[in-house]
Amino acid sequence: MAAALAPWLTSPAFAQQNMPFGAALYWPDMAIEPRLGPEIARWCQRITPVQEMKFELLRPSEGAWDFSQADALVDYARVNSLAVHGHTLVWYAALPEWVSKITSAAAAEALMTEHIETLMQRYPDITSWDVVNEAIPDVPDGVKSRRDGFWQERLGEDHIAMAFRKAHELSPHSTLVLNEYDVEFADEYGPAKRAAFRDLIQSLLDKGAPVTAIGFQGHLRGGRAIAKDELAAFVAELKSWGLDVLVTELDVIDVNLPRDADERDRVIAAQVRDFLKAIADGGGASSITTWGISDPYSWIRWAYPRPDGTPNRPLPLDENFKPKLFMDVIDDFRNGTL
């Protein structure tokens, strides 16, 4: 695949900044929009696969693997000198139907181990992984609340530590991330989500699980206030535990924001600024990634279409790949000037 790609060169944009900026990339979008590959290479230092490394796409049937899209994405990154953040080794979602036929704990553990080994050994140059993704339910009923799903049902909470130990065994110097969303809000659910996430992190560290970083996805819900002080304190606490922090999937769900594009962009930029400033105040992050880079190529356009019919504007570049106020905030965050 690499031989078929033009040798797009990384732009010097943001080259003076130490914090890498990345974007999630959905490989089929490359066929739809020929500008997408060059623009990501222009703006970014790293990419995250949207679907290409998820279990369902890699293992459509029992005993069969399909690496075609994952290989293509990794080849694209290599040609353009982009790092790849692996997403994701263990997740409650995106599992094919055949997995549900596995009923014993031993068989489930063997499957998880095989999956992690195969993926990490195939892509040894990837040194940053979302090892476990979204382990906390949307509305926790207590600090010990964990998300239901195949791995939790077959193996219990121990599956999380198992996954980190296996990933560390295979790549002991990699950044191994526990990734989560909706922990930044000031509404009624935010404190419970943060408390459960904090409890899980502390539990894993107490067990000696080799978690090295925490990922704050940052799928911001337009109009929901950021718990700025609480988030800053949480980040500072994580840092005191020796953990790195990454912003992994930043975008803004703008379904309920104003119709006017300029006004909406200002509201979005202000919310992104509140989120990133809280992280900066707590000690900062080592990288920032948006979940896509250009507005039309976002999951939000199909998941949260606006009732007024205007196109969503959830990302830092518009439909013509022009930077918006969102990108200015990212620039400030990376420069330490928020």
Rounded to the nearest 0.5 Å, what's the gap from [atom1] on [X] to [atom2] on [Y]? Could you check?
{"X": "R46", "Y": "L82", "atom1": "CZ", "atom2": "CG", "value": "10.5 Å"}
{"X": "L205", "Y": "L243", "atom1": "CG", "atom2": "CG", "value": "5.0 Å"}
{"X": "I160", "Y": "R146", "atom1": "CD1", "atom2": "CZ", "value": "6.5 Å"}
{"X": "L73", "Y": "Q51", "atom1": "CG", "atom2": "CD", "value": "12.0 Å"}
{"X": "S171", "Y": "Y123", "atom1": "OG", "atom2": "OH", "value": "15.0 Å"}
{"X": "S174", "Y": "L176", "atom1": "OG", "atom2": "CG", "value": "6.0 Å"}

(request) Test I268 against L325 for side-chain contact (heavy atoms from CB on, under 4.5 Å), laying out the working first. (result) CA-CA 8 Å; I268 286 171; L325 294 174; over 6 Å; no
(request) Would you please test R266 and E263 for salt bridge (Lys or Arg N to Asp or Glu O under 4.0 Å) and show each step? (result) CA-CA 5 Å; R266 287 192 292 271; E263 182 182 359; 5.4 Å; no
I'd like to know if the side chain of [X] and the backbone of [Y] have a donor-acceptor N/O pair within less than 3.5 Å.
{"X": "K324", "Y": "L315", "answer": "yes"}
{"X": "R334", "Y": "M19", "answer": "yes"}
{"X": "S104", "Y": "A107", "answer": "yes"}
{"X": "R264", "Y": "D254", "answer": "no"}
{"X": "Q271", "Y": "R221", "answer": "yes"}
{"X": "T113", "Y": "A110", "answer": "no"}
{"X": "S287", "Y": "P20", "answer": "no"}
{"X": "E52", "Y": "V50", "answer": "yes"}
{"X": "R154", "Y": "A105", "answer": "no"}
{"X": "D187", "Y": "G190", "answer": "yes"}

[X] atom [atom1], neighbour heavy-atom count above 12 within 6.0 Å:
{"X": "F67", "atom1": "CZ", "result": "yes"}
{"X": "E97", "atom1": "CD", "result": "no"}
{"X": "Y26", "atom1": "OH", "result": "no"}
{"X": "K277", "atom1": "NZ", "result": "no"}

Answer yes or no: is there an ion pair linking [X] with [Y], defined by an N-O contact shorter than 4.0 Å?
{"X": "D182", "Y": "R194", "answer": "no"}
{"X": "R198", "Y": "E237", "answer": "yes"}
{"X": "K166", "Y": "E169", "answer": "yes"}

Between [X] and [Y], which heavy-atom pair has the shortest distance, and what is it?
{"X": "I102", "Y": "A108", "result": "CG2-N, 3.7 Å"}
{"X": "D148", "Y": "Y92", "result": "O-CB, 3.9 Å"}
{"X": "P311", "Y": "R301", "result": "CB-NH2, 3.1 Å"}
{"X": "V132", "Y": "A135", "result": "CG1-CB, 4.3 Å"}
{"X": "R147", "Y": "K193", "result": "NH2-NZ, 4.2 Å"}
{"X": "R306", "Y": "N312", "result": "CG-ND2, 3.6 Å"}

Taking [Y] as the starting point, is it possible to reach [X] by hopping between hydrophobic residues whose side chains are less than 4.5 Å apart?
{"X": "I253", "Y": "L257", "answer": "no"}
{"X": "I214", "Y": "L204", "answer": "yes"}
{"X": "M112", "Y": "M120", "answer": "yes"}
{"X": "L200", "Y": "W91", "answer": "no"}
{"X": "L25", "Y": "I126", "answer": "yes"}

(request) Any chance you could lay out the side-chain contact (heavy atoms from CB on, under 4.5 Å) test for S203 and E157, step after step, and finish with the verdict? (result) CA-CA 10 Å; S203 174; E157 186 178 322; 3.6 Å; yes
(request) Check the pair R78 / D75 against salt bridge (Lys or Arg N to Asp or Glu O under 4.0 Å), numbers first and verdict last. (result) CA-CA 5 Å; R78 185 179 301 113; D75 282 347; 2.8 Å; yes
Taking the side chain as every heavy atom from C-beta outward, state whether [X] and [Y] have any atom pair closer than 4.5 Å.
{"X": "P296", "Y": "S294", "answer": "yes"}
{"X": "F326", "Y": "L317", "answer": "no"}
{"X": "L170", "Y": "E117", "answer": "yes"}
{"X": "V329", "Y": "L276", "answer": "yes"}
{"X": "T212", "Y": "D244", "answer": "no"}
{"X": "L178", "Y": "F197", "answer": "yes"}
{"X": "Q202", "Y": "W241", "answer": "yes"}

(message) Would R35 and F321 count as a cation-pi pair here, with the cationic atom under 6.0 angstrom from the ring centre and within 45° of the axis?
(response) no
(request) State whether F164 and K207 meet the cation-pi test: NZ (Lys) or CZ (Arg) under 6.0 Å from the six-membered ring centroid, and within 45° of the perpendicular axis. (result) no
(request) Would you please test L57 and D66 for side-chain contact (heavy atoms from CB on, under 4.5 Å) and show each step? (result) CA-CA 7 Å; L57 199 66; D66 182 358; 6.0 Å; no
Using a distance-only test with no angle check, is there a side-chain donor-acceptor pair under 3.5 angstrom linking [X] and [Y]?
{"X": "E33", "Y": "Y297", "result": "yes"}
{"X": "N133", "Y": "Q217", "result": "yes"}
{"X": "H85", "Y": "T48", "result": "no"}
{"X": "D71", "Y": "Y76", "result": "no"}
{"X": "N335", "Y": "T337", "result": "no"}
{"X": "D251", "Y": "W299", "result": "yes"}

(request) Mind running ring pair (Phe, Tyr, Trp, His ring centres under 6.0 Å) on W129 and H168 for me, showing each step along the way? (result) CA-CA 10 Å; W129 289 91; H168 178 73; over 10 Å; no
(request) Determine the interplanar angle of the F55 and H115 rings, folded into 0 to 90°, and report it as parallel if under 30°, tilted if 30 to 60°, perpendicular if over 60°. (result) parallel
(message) As a quick check of understanding, evaluate side-chain contact (heavy atoms from CB on, under 4.5 Å) for E319 and R313, giving each step before the final call.
(response) CA-CA 9 Å; E319 67 276 9; R313 299 178 65 82; 4.1 Å; yes
(message) By the definition side-chain hydrogen bond (donor to acceptor under 3.5 Å, both in side chains), identify the one residue from T289, N179, T290 that meets it with T248.
(response) N179
